[in-house]
Amino acid sequence: MIKTRVLVAGGGPAGAVAAYRLALAGIDTVLVEALAYPPEDMRASTLHPPTLDMLEEIGVLDELESVGLRAPAYHYRNRQTDDVIAFDMGELSDISAHPYRLQCEQFKITRLLTAKLDALPAGRVLFQHRVVGYDQDADGVTAHVETPTAIEHIRADYLIAADGAGSIIRKWTGAKFEGFTYPERFLTLSTRYPVEQHFSGLASVNYVSDADEWCVLLRVPEFWRVLVPTENEVSDATLLSDANKDAVFDRLTGNGAAVETNHRTLYRVHQRVVDRFRHGRVLLAGDAAHLNNPLGGFGMNSGIHDVWNLTTKLRSILQEGAPADTLLDQYDRQRRTIAKSFVQTQTIENKKAMEARDADGASDAERRMAEIANDPERRRGYLLRQSMYESMAQEAEIA
Ligand SMILES: O=C(O)CCc1cccc(O)c1
């Protein structure tokens, strides 16, 4: 049986950051991932300033910057009037060494971190290993792990469950995953087509309102990513079809047939938070613990913020003899509160702001946004919230 101090289930961004940070500190850590390699799909692609601070601290930011795209500006654009409300994270340069979003797809992060983790003396990565159950006692956790040929057992002091939205570990804890699922699905399309030619002064991050259909236009180094909501009653095949792709890009460029896509992904959107992040020696983190809509780019970042908090505490417990119950209960309180009061609230609000439109495409939400942008104090508050620095400060206040 493999024995380790910490077992991390799930090789997504939260799991990879957790395992790498612990192993870097010299704590024996095993990361298990169900797939044969880090998933290469697009998924999340925004890293916010506090996350960049963390990635710098573990020494991987330069490499990620070399495969990402800095995006200091983001725009709210009215498609009917072409009015733009602009925000610039550069205004946070007095408090941040990284006053910009880094647009960098999550597979680039997990690929880099899993490779570096495996090269550390205290780190080990096992692909095609999926935790399917566990037992725990006063001294540790024994995880039952499915491999292509067998069920194996890994013994650890602690198990971090970062095994994603469908987390098997969360299901075994018996925790409630409270919240709701939106009736509509979201469709994301990526293309190398120069979408910017059809707009004046498009930023790298654009929330575009429209009387008919809102969308997000997001630049990553190689592609434009387009996010649109879909009709409930329409089948997956229709939404993923060329005809629907043509219709989406007809609205954006006037000639959808001329636009080739590289990826098309349709997904359900949930707003859920687990009722307890801590179950003895089993700690839930990232999508295993909370889910939210993608507007604002908070999902991957808040997962990384979970494990930053948790690994700080595990280092104190495992290396300095700090009291485990006190710190791990505080992890639950701090990160569950932030998931509920910040991530859920803000993403639900971000979605409502995109949806609420009058016939001219403008709305009260848009008028409020313009007022915020024109008031230096409110604009700074807004930037601190959307950059996620505010939630980091709130977390520190929770005893
Ligand atoms: O608001 C954001 O930063 C992300 C929105 C988005 C855009 C494109 C695809 C996707 O999955 C999310």
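Values below: all heavy atoms of this structure, side chains included; hydrogens, waters and symmetry mates excluded. Numbering of ligands and ligand atoms starts at 1, following listing order.
For the residue pair Val274 and Ala175, the shortest heavy atom distance occurs at CG2-CB, 3.4 Å.
At a heavy-atom distance under 4.0 Å, only side-chain atoms of Tyr207, from C-beta outward, approach ligand 1. Of all the heavy atoms of Tyr74, none lies under 4.0 Å from any atom of ligand 1, so neither backbone nor side chain is involved. Contact annotation: for Thr188 versus ligand 1, heavy atoms closer than 4.0 Å belong to the side chain alone.
Shown here is Tyr37, whose OH atom has no more than 12 heavy atoms of other residues, nucleotides or ligands within 6.0 Å. In the displayed structure, Arg124 atom CZ is contacted under 6.0 Å by at most 12 heavy atoms of other residues, nucleotides or ligands.
Geometrically, Arg272 does not engage Phe180 in a cation-pi contact defined by less than 6.0 Å to the ring centre and at most 45° from the axis. Arg281 forms a cation-pi arrangement with Tyr158, by the criterion of a distance under 6.0 Å to the ring centre and an angle within 45° of the ring axis.
Comparing Val205, Leu187, Leu227 by heavy-atom distance to atom 8 (C) of ligand 1, the nearest is Leu227. When the options Pro294, Gly296, Cys215, Ala71 are ranked by their closest heavy atom to atom 5 (C) of ligand 1, first place goes to Pro294.
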In sequence, state the C-alpha distance, the side-chain angles, and the governing distance for Arg379 and Glu91, and then conclude on salt bridge (charged side-chain N to carboxylate O under 4.0 Å, His left out). CA-CA 9 Å; Arg379 187 173 67 239; Glu91 292 180 28; 2.9 Å; yes
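Close to ligand 1: Leu295, with a non-hydrogen atom less than 4.0 angstrom away.
Here is the list of ligand 1 atoms found below 4.0 Å of a heavy atom in Thr46: 3 (O).
Considering backbone and side-chain atoms together, Tyr267 places an N or O closer than 3.5 Å to an N or O of ligand 1.
Counting only heavy atoms of the protein, atom 3 (O) of ligand 1 lies nearest to Arg101 NH1, 2.8 Å. Considering only non-hydrogen protein atoms, atom 7 (C) of ligand 1 sits nearest to Leu218 CD2, 3.6 Å.
Between the CG atom in Leu47 and the NZ atom in Lys108 there is a gap of 11.0 Å [rounded to 0.5 Å].
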